[in-house]
Amino acid sequence: MANGSDHPSAGLSLGYARVSTTKQHLERQLDALTAAGIPEPRIYTDKKTGASVEREGLTALLAYARPGDTVVIYTLDRLGRNLREVLNLVHDLAERGIDVRSLADPLPINTADEGMGRIAFLLLALFAEMERTFTAERAAHARAVAEAAGRRVGRPLAHPEDKIEYARLLKEQGCSLGQIAAKTGIPKASLHRYLTELVLSAREKS
């Protein structure tokens, strides 16, 4: 695999392959990159091992790539753990004059193309923005339904509600977090979260 040696010339194709679990294998991606004409020394890889989430291969590729190069992947999702991360990385590469090309997406991406490649990438960006909007709307709807049913929204409380209410009253009386913690037995970090949530909830209802 690539070792980050001196960059011999501009306009290189650099391969990148990644799997995100220990049960997945790189072979299919590596075979496709090799078939695309990329020699093994210019292919960078990342494979999760145990609890490790480091991406040393991608870091090395980004350090090695130069303007005029093309990063080639099997599918665009290999570049990141979510669509926003992928889009940000492709944008950053474009700012550096580095293109991105995918081999096996239903609509293969090649940002060097002035036509369909760029259109496909723009569509991905649009879909990502739509998904963020839909996710926010679903979360807002879930909160509204829960509140209408009298259920508390957010993480489960680790302390009794009567203690939290007592803490709120103490806060209104001007007690410090340290004093409230001593009287209620609730840690300061939890107190800060509970009291902040109560303030935000009161603002939303006003």
Side-chain angles (χ1 to χ4, degrees), residues 16 18-24 44-63 71 73 75-96 100 109 121-206:
Y16 178 67
R18 176 181 70 88
V19 291
S20 56
T21 72
T22 56
K23 294 182 179 180
Q24 294 177 318
Y44 296 76
T45 62
D46 280 313
K47 185 171 184 179
K48 180 177 180 180
T49 55
S52 174
V53 294
E54 296 297 325
R55 301 183 66 185
E56 295 178 356
L58 181 61
T59 299
L61 183 152
L62 296 176
V71 175
I73 60 275
T75 52
L76 201 61
D77 60 6
R78 297 302 83 202
L79 279 179
R81 291 159 293 190
N82 55 63
L83 189 51
R84 176 179 290 187
E85 187 174 273
V86 171
L87 294 172
N88 288 341
L89 180 55
V90 174
H91 175 76
D92 291 344
L93 288 169
E95 291 287 306
R96 294 174 52 189
V100 174
I109 305 296
F121 183 72
L122 290 172
L123 284 173
L124 281 176
L126 174 61
F127 295 153
E129 185 61 38
M130 290 170 61
E131 181 57 27
R132 285 193 291 273
T133 300
F134 293 151
T135 299
E137 289 177 348
R138 287 193 295 267
H141 177 70
R143 285 195 299 270
V145 170
E147 290 174 355
R151 298 195 302 269
R152 183 181 182 276
V153 179
R155 289 182 290 181
L157 296 175
H159 301 88
E161 291 192 9
D162 57 345
K163 278 193 174 184
I164 297 172
E165 178 62 18
Y166 180 39
R168 184 187 66 79
L169 293 173
L170 292 172
K171 180 65 175 177
E172 289 181 353
Q173 294 170 8
C175 293
S176 67
L177 283 182
Q179 292 171 326
I180 299 173
K183 292 182 178 182
T184 62
I186 302 175
K188 288 184 181 180
S190 297
L191 277 173
H192 184 270
R193 175 164 61 85
Y194 293 149
L195 295 173
T196 300
E197 289 178 353
L198 287 170
V199 170
L200 292 176
S201 178
R203 287 177 180 172
E204 289 178 356
K205 293 177 180 178
S206 62

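Only a predicted model underlies this, so the values are computations on that prediction, with no experimental measurement involved.
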Would you tabulate the side-chain donor-acceptor contacts of residues 88-96 under 3.5 Å, counting partners in other chains and residues two or more places apart, or write 'none'?
from: N88; atom 1: ND2; to: R84; atom 2: O; distance (Å): 3.4
from: R96; atom 1: NH1; to: L62; atom 2: O; distance (Å): 3.1
from: R96; atom 1: NH2; to: L62; atom 2: O; distance (Å): 2.9
from: R96; atom 1: NH2; to: A65; atom 2: O; distance (Å): 2.9

Of all heavy-atom pairs between G80 and V86, which one has the smallest distance, and what is that distance?
N-CG2, 3.5 Å
Separation between [atom1] of [X] and [atom2] of [Y], rounded to the nearest 0.5 Å:
X: Y16; Y: L58; atom1: OH; atom2: CG; result: 4.5 Å
X: K188; Y: Q179; atom1: NZ; atom2: CD; result: 10.0 Å
X: L76; Y: I109; atom1: CG; atom2: CD1; result: 6.0 Å
X: L177; Y: H192; atom1: CG; atom2: NE2; result: 7.0 Å
X: E56; Y: T45; atom1: CD; atom2: OG1; result: 10.0 Å

Got a list of side-chain donor-acceptor pairs under 3.5 Å for residues 180-187, not counting sequence neighbours?
from: T184; atom 1: OG1; to: I180; atom 2: O; distance (Å): 2.8
from: T184; atom 1: OG1; to: I186; atom 2: N; distance (Å): 3.3

Could you check whether any side-chain N or O of D46 sits under 3.5 Å from a backbone N or O of R18, counting only pairs where one atom can act as donor and the other as acceptor?
no
Sequence neighbours left out, what passes side-chain contact (heavy atoms from CB on, under 4.5 Å) with T75? Give chain and number order.
D77, R78, A104, D105
Those residues that, when tested against E172, pass side-chain contact (heavy atoms from CB on, under 4.5 Å) (two or more places apart)
R168, L169
